[in-house]
Visitor: 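Take a look at the following structure, please.
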Amino acid sequence: MVASAFTSSAVTGVAKVARVASGCAVVLPLVVAVEAVPMVLSVVGFTATGITSSSIAAKMMSAAAIANGGGVAPGSLVATLQSLGATGLSGLTRFILGSTGSAIAAGIARFY
């Protein structure tokens, strides 16, 4: 009787660990994605020193300027991405994105 209770407890514990591990498998890519934002923006051409010439960012800026009559509108996608490329994500933004992503991932993991 003691052995079967121990076995049942061990199986339950393993099942709980498996659920947590599957939740981590969903959350980990979200954390990596949030941390990769500055690197991805830099690769695309949105850097701390400005938009890199002949980059995807330069092409986006050119298209936005042509569409807007010669200038990039404040608050546009190009302006926002350049701001993020220059300053990175603030601690609060990283916290909000991480918390929201973790909550969504936990909700998804509950169904599996």
Side-chain angles (χ1 to χ4, degrees):
M1 175 131 165
V2 173
S4 68
F6 175 74
T7 305
S8 175
S9 174
V11 169
T12 303
V14 169
K16 287 180 183 178
V17 169
R19 264 192 308 225
V20 169
S22 70
C24 289
V26 175
V27 172
L28 187 60
L30 294 172
V31 171
V32 170
V34 170
E35 293 300 319
V37 168
M39 181 184 67
V40 171
L41 288 174
S42 179
V43 168
V44 173
F46 296 103
T47 66
T49 58
I51 292 179
T52 306
S53 63
S54 301
S55 65
I56 294 171
K59 292 175 181 149
M60 289 175 66
M61 183 175 147
S62 175
I66 291 169
N68 198 37
V72 176
S76 67
L77 178 63
V78 173
T80 302
L81 291 176
Q82 178 52 41
S83 175
L84 288 173
T87 61
L89 296 174
S90 70
L92 178 61
T93 303
R94 292 166 71 192
F95 174 76
I96 290 169
L97 288 174
S99 298
T100 304
S102 296
I104 291 169
I108 292 170
R110 286 173 41 169
F111 291 108
Y112 294 103

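Only a predicted model underlies this, so the values are computations on that prediction, with no experimental measurement involved.
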Visitor: Side-chain heavy atoms under 4.5 angstrom apart, residues restricted to Ile, Leu, Val, Met, Phe, Trp, Tyr: same cluster for Val43 and Phe46?
Guide: no
Visitor: Can you list everything that forms a side chain to side chain contact (heavy atoms under 4.5 Å, CB included) with Leu92? Sequence neighbours excluded, please.
Guide: Ser90, Ile96
Visitor: Not counting sequence neighbours, list each pair that qualifies as a side chain to side chain donor-acceptor pair (under 3.5 Å) and has a residue in residues 57-70.
Guide: none
Visitor: Answer yes or no: are there more than 12 heavy-atom neighbours, outside Met60 itself, under 6.0 Å from its atom CE?
Guide: yes
Visitor: Please report, to 0.1 Å, the donor-acceptor pairs under 3.5 Å made by any side chain of residues 71-85, with sequence neighbours excluded.
Guide:
| unit_1 | atom_1 | unit_2 | atom_2 | d |
| --- | --- | --- | --- | --- |
| Ser76 | OG | Ala73 | O | 2.8 |
| Ser76 | OG | Ala79 | N | 3.4 |
| Thr80 | OG1 | Ser76 | O | 2.9 |
| Gln82 | NE2 | Thr47 | O | 2.9 |

Visitor: Measure across Ser55 and Gly45 and return the closest heavy-atom pair with its distance rounded to 0.1 Å.
Guide: OG-CA, 3.7 Å
